[in-house]
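One structure is given below, encoded as structure tokens.
Given the structure is predicted, the values throughout are model-derived calculations rather than measurements.
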Amino acid sequence: MEMPTVNECQVESCAYNRDRACHALAITIGDAHLAQCDTFFGVSSKGGDPATTGRVGACKVSDCRYNTQLECQAPGIVVGQSRSEADCLTYAPA
């Protein structure tokens with residue numbers, strides 16, 4: 001199984017975001033109820049690997065249609081600002 005790509009990250013305040021792209025090696029999404037990006041880290045310095053496009057390592061949102069055994073099965077995701085959180089905008093209820 002290949003981990004889905006973070007196709008776009010609209011949360012420019014994240015340390016892993018450069019030019020609307022995620023550069024964390026892998027991110028974790030959510031908890032049992034919210035599809036937030038658990039890897040979001042709001043600091044002014046930038047981290048991650050600039051040569052790498054982020055991937056979804058785990059998804060803990062049990063009611064997402066793309067979640068199979070805590071693994072994301074979407075072809076790719078978009079992370080964006082929702083409320084005051086960095087959320088997976090690809091989340092879709094099962």
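- Of all heavy-atom pairs spanning Arg18 and Lys46, the tightest one is NH2-CB, 3.3 Å.
- Separating the CD1 atom in Ile27 from the CZ atom in Phe41 is a distance of 15.5 Å, to the nearest 0.5 Å.
- Looking only at distances, a side-chain donor or acceptor of Asp49 sits under 3.5 Å from a matching main-chain atom of Ala51.
- Screening Val79, Asp87, Leu89 for a side-chain contact (heavy atoms from CB on, under 4.5 Å) with Gln10, the sole residue that qualifies is Leu89.
- Counting only heavy atoms from C-beta outward, the side chains of Ile29 and Cys72 never approach each other to under 4.5 Å.
- Heavy-atom minimum distance, Ser62 versus Ala32: OG-O, 3.7 Å.
- When atom types are taken as modelled, the side chain of Asn67 and the backbone of Val61 share a donor-acceptor pair closer than 3.5 angstrom.
- Pairing each heavy atom of Tyr66 with each of Thr90, the nearest pair is CE1-O, 3.4 Å.
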*Can you list the steps and then say if Asp63 with Tyr91 is a side chain to side chain contact (heavy atoms under 4.5 Å, CB included)?*
CA-CA 9 Å; Asp63 72 338; Tyr91 163 79; 3.0 Å; yes
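- Closest non-hydrogen pair, Thr68 versus Gln73, comes out as OG1-CG, 3.5 Å.
- Side chain of Lys60 to main chain of His33: no donor-acceptor pair is present (N/O by atom type, distance under 3.5 Å, no hydrogens or angles).
- One distance of note links SG of Cys59 with CE of Met3; it measures 14.0 Å at 0.5 Å rounding.
- Each of Val11, Val6, Thr39 was scored for a side-chain contact (heavy atoms from CB on, under 4.5 Å) with Tyr16, with one residue passing: Thr39.
- Note: Ile77 CD1 to Cys37 SG = 7.0 Å, rounded to the nearest 0.5 Å.
- Distance alone, capped at 3.5 Å, places no donor-acceptor pair between the Thr52 side chain and the His23 backbone.
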